[in-house]
Amino acid sequence: MTARDLGFARTGETIFGPVTFVLRAGGLLAIGGANGAGKTTLLHVLAGLLAPSMGTLATEFGEVGHAPGSSRVALVGHHNGLKLDLSARANLRFREALHGAEESQTVDKALAHVGLAGYESLALRELSAGQRRRVALAALARSRATLWLLDEPFANLDAEGRSLVSTLIAAQRERGGMVALTTHGADVLPADTTHCRLGAAT
Amino acid sequence: MTARDLGFARTGETIFGPVTFVLRAGGLLAIGGANGAGKTTLLHVLAGLLAPSMGTLATEFGEVGHAPGSSRVALVGHHNGLKLDLSARANLRFREALHGAEESQTVDKALAHVGLAGYESLALRELSAGQRRRVALAALARSRATLWLLDEPFANLDAEGRSLVSTLIAAQRERGGMVALTTHGADVLPADTTHCRLGAAT
Amino acid sequence: MTGTPVGAAAALFRRDLQLAVRRPDDALQPLLFAVIVAALFPFALGADATRLAPIAGGVAWVVALLSLLIGLDAVYRGDEEDGSLDQLLVSGQPLALLCAARMLAHWLVVGLPLVLVAPVLARLLGMPPNAWPVAIASLSLGTGVLVAIGHVCAALAVAAKRSVILVPLLVLPLAVPVLIFGAGAVQATLSGLSPTVPLLMLAAGLALAIPLAPLACAAALRLNAG
Amino acid sequence: MTGTPVGAAAALFRRDLQLAVRRPDDALQPLLFAVIVAALFPFALGADATRLAPIAGGVAWVVALLSLLIGLDAVYRGDEEDGSLDQLLVSGQPLALLCAARMLAHWLVVGLPLVLVAPVLARLLGMPPNAWPVAIASLSLGTGVLVAIGHVCAALAVAAKRSVILVPLLVLPLAVPVLIFGAGAVQATLSGLSPTVPLLMLAAGLALAIPLAPLACAAALRLNAG
Amino acid sequence: MHPLVRWFHRFGSPPTFYRWAGAAQPWLFAAALLLGAVGLYFGLVVAPADYLQGESVRILYIHVPSAWMSLFAYLFVAVNAFVALVWRIRISEILAMAAVPIGAMFTAVTLASGALWGRPTWGTYWQWDARLTSELVLLFLYIGILALYHAIEDRRRAARAAGLLALVGVVNLPVIHYSVRWWSTLHQGESVKLFGESSMHSSMLWPLLLMAAATHIWFFASLAGRARLALLEADSDKAWVREALKQSLPDASPPHGASA
Ligand code: HEM
Ligand SMILES: Nc1ncnc2c1ncn2[C@@H]1O[C@H](COP(=O)(O)OP(=O)(O)OP(=O)(O)O)[C@@H](O)[C@H]1O
Ligand SMILES: Nc1ncnc2c1ncn2[C@@H]1O[C@H](COP(=O)(O)OP(=O)(O)OP(=O)(O)O)[C@@H](O)[C@H]1O
Ligand SMILES: [Mg+2]
Ligand SMILES: [Mg+2]
């Protein structure tokens, strides 16, 4: 995926950009920048949720996230995109049907794998912040998306949870997938990470 | 504030505890523990939002957060407790009237102080995750509460935002206030912090 | 005067009004509902519309009550989901006072407009003009009571985290007496009797609700704190 | 069959039903409204209740149908606030299909019960039995159209986040014709005329809505993505 | 301390209450059955058939007592809820919630018997009449309280929440009682008065009063059973429960049998 002079403006004033970067298969892109620099916005542009207002975004798997059956994007945003009134199991089932998943594991195995064994049938509103995040990770872990977009994936997680994220990312890159994540610099990232810092706003 | 064998149970099964700690004026308590260990629950107990189901909680300023005019508690939870449809300014005004605030600064000064100059009149839903957090911090900075309860105060914040939190905490302790916060170990805390680790769950 | 109970209540009151302005669709829905229903009645009845006049009072009141029920269950749920409720509870301000402020704001946003369009409703339903003053009086008293009841039930619904209960199910049994006296006053006037007694009943109900409902509301919210 | 468009739509359909079960108060409100209306009139009218009987059929029909609109504006707002909507958009599944699934689920939860209790309502309010079939037919058609309209408007409301638009204001003008034909059908039968024409109009409306509404819905949700 | 409160604290300590209720229950049931049998005998056999209504008048002996009980039970719930909320007395929470289903039951019986009675006398099972509808609303109120009670996991919180609702709902009692006066209803006016002349012939009055007494006693008997069960559940981890259960194992009727 190649971004050239990519930028986004809302009603005139520029939110971020222009930025230029190349993300190859198996690559990891870390988007830095102050609060309000436009990291989340950039992720949304990469996800195809927002149309870039300047520059070009070329992805070798077609326009992201629109055409049916297109190799898909997996997004873990500030909000987990889960329903608080449904159980962890129900949430995960739904996400799998929506995004597709490896059939290898059962849903409960996936939950156990993120350390939620025994919490499968609790309503999400009865789970702690980190546990909710872990459900989102379980969904991510099973998605076969080419491009992972993770917005501050380490937030709310304990040490063990953070290492879990790292292993997930490593696995995705193994698989030849791409990962773009936002960070505030406090997180441990592999040495071969491509860094992209958005001009300080706030 | 003294907690002796403090614990909380939901419909029978114990969520955390028993824990015992003493938090003196000017003290800082860091609550650690895995996801789901009960950190947030403990904070809510300290805030008087939940009644402890075992042990005792003695606070030299009366039952926390109940009696009118009682020296108050300031809480910054996983949710900021702000209205997305209102502007930063309106939100802050409301919180001040609710909790009381030092008259020294104006609202806009307070917002500028957390780096939100120029964003005062935007609806909160148009602010970034970290910017929303900063609004909550602005409210915190001005509250005269004796006891601060901060749930993962460093989450979503950039480096500069994190140092802001540290200075706020330092100032509160200067003032002889108490601070209890939850952490996942990745945060930098002063050496004289009292640590309290909740038994691992999850 | 920040931090004083009155100041806090006033601020909460202002906040709810601001929210109503920011989300007019939520705020206006009841009013629109009432007007549209009233407007459709004569139509739905076609030729029979004339039969409506003698019972216009009752119909108008049913419409008003239904429209007040709209969105009632969301009153406290929103504050609960975004953590605002915790802030209210932690503030240490007299909770009953805060609840009262919210009720007043809610009434201004939802109840008062109903009272103001009452003549329109009456006109649409073909109510004889001599009954309009009574209709307005009974609505201004009754909507107040209904809002109070509604808030208590909404607060109770929050106590039940997984709100598996129907707020309307809780509200309606309590609302029925209000409806009876409100509609009773208008119907009495329509049939040439004196509306004083039912109106007095409503006034008494309001006099009871104003002090008691906020207390009940506060107690319900406190239930979470065990 | 995870990941296939149909599978995704089915899953979304299932999810919405599950949510309805978890929050019955949201789901049942319209049904409750309809029944409550029937129960309220007697209170409102006391002895005059008998006067309502001959016309009450059309009356309850109107309110029942309008009660469908309650909370319709929240259909997509919830998904937008907790990020589920982004997941739907990102999934790359045909959005129109997903919207259709949601509409169907919504109709099953809110519309169908209304149709099923229609006879009960009719009975309670003393509608002549010969009008029941028409009432049921018009309700089943009308509820379908209204749900479709409502979803499109709800999607628009989400798309235009910042500009405050009034969903009810969008829905009601579109809904009024439905109400007119629906109530018209019943009243026609009650006054011995043929309900065919209004029923055909409703059917036509539904035939239009089924293919077009999902497309419009999807387009509205895409607006953000420019 | 308020004398009432002191009394509640003494009598209301779970073990004491459990013992007393257990002891009283059989006698209460016996008394209720006896009075009921006598009342029904006089009512259904001895008392004359009404010259207007014929034999159908005999429904009176079911309908009226249960109607009175539906109101009495609610009053009982409200009073206990008040005590529970103001003085945080646990036994009152238990009693209030135990009484709700019983009251709901009586309300249902009232509706059913009334409807059956209405058929011959008014020519219809149901009329949207003020008295009838307000009684139906009472049933809704009971259901609402139960729904709220079961919507909250924590039993004590649930009891207090439901109790609060019950208190607010008291407004409905006068509406039901005076509905016959306030509106011109199909329904009978007050024909039995505690003071002054009752407009009912004594040959019907006495069996009626017997039935009323029977239902009241039965109410408390059934209440005792339910309250004991609730206590056992609530305190299942407490020592006195294990004691109580050990004792009740030998005897033939464990507390469950009680809650008929
Ligand atoms: C579903 C239909 C009915 C319902 C819901 C109903 C309800 C009630 C209620 C709640 C009471 C207690 C009033 C009070 O103590 O304040 C009552 C009393 C009574 N009902 Fe009914 N009733 C129904 C039908 C009937 C019918 C058909 C008859 C006879 C024709 C009847 C005769 C009476 C009598 C004689 C009393 C005692 C009045 C008094 O002394 O207070 N009821 N009913
Ligand atoms: N509202 C609730 N109802 C029932 N159980 C709950 C509720 N909230 C939390 N729990 C349970 O209580 C336990 C502790 O939750 P809590 O939020 O205190 O954990 P935490 O230490 O804050 O975790 P995190 O680090 O992820 O925030 C969790 O196992 C959770 O399942
Ligand atoms: N929905 C919106 N409408 C209007 N402006 C918005 C909206 N969302 C974000 N913005 C603006 O866009 C800018 C960038 O927001 P964004 O969320 O991308 O920042 P960020 O880098 O993710 O910050 P953070 O590190 O706090 O998450 C912010 O200044 C914010 O004011
Ligand atoms: Mg962000
Ligand atoms: Mg937490």
Side-chain angles (χ1 to χ4, degrees), chain A residues 10-11 13 15-16 32-44 77-80 84 88 111-112 114-119 122 125-135 137 151-152 154-164 182-188 197-198 200-202, chain B residues 10-11 13 15-16 32-44 77-80 84 88 111-112 114-119 122 125-135 137 151-152 154-164 182-188 197-198 200-202:
Chain A
R10 244 196 199 84
T11 64
E13 20 80 48
I15 300 295
F16 73 81
N35 289 134
K39 300 181 292 298
T40 300
T41 311
L42 173 54
L43 282 190
H44 285 182
H78 285 303
H79 301 287
N80 297 322
L84 290 184
L111 285 171
V114 295
L116 288 180
Y119 293 90
L122 278 179
R125 72 169 67 255
E126 301 183 353
L127 293 188
S128 79
Q131 289 169 324
R132 294 175 192 181
R133 198 76 178 158
R134 284 161 180 263
V135 177
L137 291 179
D151 208 344
E152 299 181 33
F154 300 99
N156 293 113
L157 291 172
D158 57 22
E160 180 238 347
R162 290 195 294 273
S163 64
L164 173 67
T182 67
T183 171
H184 285 126
D187 315 316
V188 283
R197 186 163 179 76
L198 297 182
T202 303
Chain B
R10 246 197 198 84
T11 63
E13 20 82 48
I15 299 294
F16 73 80
N35 289 134
K39 300 181 291 300
T40 300
T41 310
L42 173 54
L43 282 190
H44 284 180
H78 285 303
H79 301 287
N80 297 323
L84 290 183
L111 284 171
V114 295
L116 287 180
Y119 293 92
L122 278 179
R125 71 169 67 254
E126 301 181 357
L127 294 187
S128 79
Q131 290 169 323
R132 294 175 191 180
R133 199 75 176 158
R134 284 161 180 263
V135 177
L137 290 179
D151 207 345
E152 299 181 34
F154 300 98
N156 293 115
L157 292 172
D158 57 20
E160 179 239 348
R162 292 196 293 274
S163 64
L164 173 67
T182 68
T183 172
H184 285 128
D187 315 315
V188 282
R197 188 164 177 74
L198 297 183
T202 302

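Separation of atoms NE2 (A:His78) and CZ (B:Arg133) is listed at 12.0 Å; rounding is to 0.5 Å.
Take A:Ala112 and apply the side-chain contact (heavy atoms from CB on, under 4.5 Å) test, not counting sequence neighbours, and it matches A:Ala117.
Options A:Thr41, A:Thr40, A:Asn156, A:Leu127 differ in how many heavy-atom pairs under 4.5 Å they form with chain B, and the most are formed by A:Asn156.
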Legend entry - Full working for side chain to side chain contact (heavy atoms under 4.5 Å, CB included) between A:His184 and B:Arg162: CA-CA 10 Å; A:His184 285 126; B:Arg162 292 196 293 274; 3.5 Å; yes
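Considering all non-hydrogen atoms of both residues, B:Ser128 and A:Gly36 come closest at OG-N, 3.5 Å.
A donor-acceptor contact shorter than 3.5 Å links the side chain of B:Asn35 to the backbone of A:Asp158.
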